[in-house]
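Reading through the structure tokens given below for one structure.
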Amino acid sequence: MEKLGLGFDLILNNNLIDMYAKCGNVKLACSVFDKMPQRNVVSWTALMCGYLQNGDANASLVLFSKVGTSNVKPNEFTLSTALKASTVLGVLQNGMQIHGVCTKSNFDSAPVVGNSIIDMYFKCGRVGEAARMFDTMPVRNLVSWNAMIAGYAHERNGEEALNLFREMQEKGEVPDEYTYSSALKACSCIGVVSEGSQIHAALIRQGSSYLAQSTVAGALVDFYVKCRRIAEARRVFDRIEHKNVVSWSTLILGYAQEDNLPESMNLFHQLRESRHKVDGFVLSSLIGVFADFALVLQGKQMHAFATKVPYGLEASVANSVLDMYMKCGLTDEADALFREMPERNVVSWTVMITGYGKHGIGYKAVKLFDEMQVHGIEPDSVTYLAVLSACSHAGLIKEGQQYFSSFCSNPHSKPKVEHYACMVDLLGRSGRLKEANELIEKMPFKPNTGHWNESEKIREKVKRKGLKKEAGRSWVEINKEIHIFYNGDSTHPLIEKIHQALREMEKRMNEEIGYVHNVNFALHDVEEESKVESLRYHSEKLAIGLVLVSGGVKGERMVRIFKNLRVCGDCHTFIKGLSKVLKIVFVVRDANRFHRFENGLCSCGDYW
DNA sequence: CACCTGGTGC
């Protein structure tokens, strides 16, 4: 009787740990665990899972290390959980060590363990190791296939992901919602509209209930958004019976991507009024929209909102706020937030370095780069790109060269084409053409012709698949409203007045400071006269023209213009002249950096 | 007691 009672207690308490953990109360789960007179492997594993589910991967691994000193032997679930915890932490060495334990105990042949190992290697960037695990698994299940397809899709190797998606079905495996989600993600990263549409069509044919659920249908919305088929995305979204925050935010971002900011904001307000809770994921991506469009007011409101919700302190949310301030040109606000953030990861530091780099404040970028390492945060390849670019923009040649060589000599990192391009830029800017050439020759990639082929291939693909490439556009905020202009845009109701204002400014600048058009920046295959005309149609000039005609400069000392591509040379000269003649500061954010035009000069030093 | 789907920096 007594024995039976004890056994019941054990099962009951294990269930209690699981239940409390799943309800988000790890403390209670922990106290049950502590008070148990007797524990088995399930007790340990349940609490490890509890920590993990509640975001404390570290505590999960600490507990795992204590299993060894207890009288309990870990089983396949314990090991799988430990692997997942080290995956979340992103420490490869940790995961490899546990992989070793699995191999020694023969638990690596259990699918649940093998699947976790595959996932761990993919998330740590070891694709080869992941594939080897999959190839040598004695028993595979649906999750094994899912882990592989998800892994390749995450790696942006859509072809391999889709190969496996086909192969598993040939072998008789029936895809589930995870499989479809990853397969659709693979389709969007290849940018092949037809492949994803086929999956969509198959789901319709099967009368699949997945189309009414937010997971698969949400992935389908994302797919159409990425393929720039916003109308189709909307159709799929509208038919989801149980929408969740992810499907909402996907569509919101989709409309923003199409420059349909009114619809994007409209959906956001609908989302806020709905019963769905906005979470950290949604918040950070929406703040990303405000950053892209430099919507300072909305961005600040969202920051204020973030400080009032528990998930607002998550690094991902705080990082997006940092980035928003930087992209809006508010470096002081970004700095203040950065200093008070409780948790700063590699992205936080990279955002700051990128931001200062784009503002041409190289010394601050360099200082942060050194400081982050003192704090024990290792820069990754994006951080290096940020600091190299900052050095280039600020003319810090020596520093840039030092960082580049330390990056090259690090056995854990491999410079990519972008890093070389940045260095060539840095050397070229200081007139060290010989060194720039030497660097190009030393590159482990094929220079020029190789890139040309690659970009030709992409352009060909874009044409074939009917994808749209990003059109040049600029925008300006006047009276809290965003006005977007495309190159050659003539749709604005005030377009006549805008052109008239621009012509008047040209004339005045010509008389006062000798401004002339630089037609080298115009299209090559048009007559001289229309070249001048075509320059006047550049989106950044149109945006400035609107500021002029709407009286936006009256009483304003600063005008902010934003462009998705790089500012053109003639426009650059034009705005320099305007800043002198009108005695106004123009701040232009282009794809590459910030330009601050004041009294006829630009902060970029005419090099960008 | 478990593995696989959605978010932040180039």
Side-chain angles (χ1 to χ4, degrees), chain A residues 11 14-15 17-18 21-22 40-50 52-53 74-84 87 110-120 122-123 141-151 153-154 175-185 213-216 218-219 221-222 244-250 253 279-288 291 311 314-324 326-327 345-355 357-358 379-389 416 418-419 422 591-592:
Chain A
I11 294 171
N14 286 345
N15 284 339
I17 293 174
D18 184 45
K22 287 208 169 84
N40 64 4
V41 64
V42 178
S43 329
W44 288 86
T45 311
L47 190 58
M48 276 172 64
C49 289
L52 196 52
Q53 282 156 7
N75 66 8
E76 65 270 40
F77 301 122
T78 324
L79 292 167
S80 168
T81 308
L83 281 162
K84 189 171 179 181
T87 305
V112 61
V113 172
N115 296 341
S116 300
I117 292 172
I118 291 173
D119 188 50
M120 186 268 292
F122 265 121
K123 298 234 168 93
N141 61 15
L142 178 59
V143 178
S144 320
W145 291 95
N146 287 350
M148 290 300 289
I149 295 169
H154 184 76
D176 68 0
E177 64 216 276
Y178 290 98
T179 329
Y180 281 119
S181 304
S182 298
L184 285 165
K185 187 176 172 187
Q213 294 160 13
S214 53
T215 312
V216 176
V221 172
D222 187 51
N244 65 8
V245 274
V246 180
S247 43
W248 275 94
S249 70
T250 305
L253 295 180
D279 65 2
F281 291 157
V282 175
L283 199 58
S284 55
S285 41
L286 284 171
I287 293 170
Y311 52 82
E314 288 171 15
S316 59
V317 176
N319 289 346
S320 63
V321 177
L322 280 184
D323 187 48
M324 183 271 299
M326 277 299 189
K327 286 186 176 152
N345 60 18
V346 63
V347 176
S348 328
W349 292 87
T350 309
V351 167
M352 295 301 286
I353 294 167
T354 304
K358 286 190 174 182
D380 63 15
S381 70
V382 183
T383 322
Y384 268 103
L385 193 61
V387 77
L388 291 176
S389 162
K416 295 181 197 164
E418 303 97 278
H419 299 94
C422 199
N592 219 17

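A, B, ... follow the sequence lines: proteins, then strands. Residue 1 opens every chain.
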So [X], base contact, sugar-phosphate only, or nothing? Heavy-atom distance under 4.0 Å.
| X | result |
| --- | --- |
| A/N14 | nothing |
| A/T383 | base |
| A/E76 | nothing |
| A/V143 | base |
| A/S320 | nothing |
| A/A150 | sugar-phosphate |

Nearest to the side chain of [X], which nucleotide is it out of [options]?
| X | options | answer |
| --- | --- | --- |
| A/K123 | B/dT5, B/dG9, B/dG6 | B/dT5 |
| A/T350 | B/dG9, B/dC10, B/dC1 | B/dG9 |
| A/K22 | B/dT8, B/dC10, B/dA2 | B/dA2 |
| A/V346 | B/dC3, B/dG6, B/dG9 | B/dG9 |
| A/S80 | B/dC4, B/dC3, B/dC1 | B/dC3 |
| A/N75 | B/dC3, B/dC1, B/dG9 | B/dC1 |
| A/K327 | B/dT8, B/dG6, B/dC10 | B/dC10 |
| A/V382 | B/dC4, B/dC3, B/dG9 | B/dG9 |
| A/F281 | B/dG9, B/dC4, B/dG6 | B/dG6 |
| A/V112 | B/dT5, B/dC1, B/dA2 | B/dA2 |

Send over the distance from [X] [atom1] to [N] [atom2], rounded to a whole Å.
| X | N | atom1 | atom2 | result |
| --- | --- | --- | --- | --- |
| A/H154 | B/dC3 | NE2 | P | 18 Å |
| A/K416 | B/dG9 | NZ | C1' | 12 Å |
| A/N15 | B/dA2 | CG | C1' | 15 Å |
| A/Q53 | B/dC1 | CD | C1' | 10 Å |
| A/L322 | B/dC10 | CG | P | 12 Å |
| A/D279 | B/dT8 | CG | C1' | 13 Å |
| A/L286 | B/dT8 | CG | P | 11 Å |

- Consider only side-chain N and O atoms of A/S320 and A/D323, and report whether a donor and an acceptor are under 3.5 Å apart.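 No, no side-chain donor-acceptor pair sits under 3.5 Å.
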- Query: Do A/N115 and A/N146 have side-chain atoms, one donor and one acceptor, less than 3.5 Å apart?
  - Reply: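 Note: A/N115 and A/N146 side chains miss the donor-acceptor criterion.
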- pair A/Y384-A/H419: side-chain heavy atoms closer than 4.5 Å: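 Contact flag for A/Y384/A/H419 side chains = yes.
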- Just by distance, do the side chain of A/S285 and the backbone of A/V282 share a donor-acceptor pair under 3.5 Å?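 Pair found, side chain donor or acceptor close to backbone of A/V282.
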- Look only at the side chain of A/N244 and the backbone of A/S247, and say whether a donor-acceptor pair between them is shorter than 3.5 Å.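 Pair found, side chain donor or acceptor close to backbone of A/S247.
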- Query: Only one of A/V41, A/L47, A/N40, A/T45 forms a side chain to side chain contact (heavy atoms under 4.5 Å, CB included) with A/S43, so which one is it?
  - Reply: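 Of the listed residues A/V41, A/L47, A/N40, A/T45, the side chain to side chain contact (heavy atoms under 4.5 Å, CB included) partner of A/S43 is A/N40.
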- Check whether the side chain of A/D380 and the base of B/dG9 form a donor-acceptor pair under 3.5 Å.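 Flag set: donor-acceptor pair detected.
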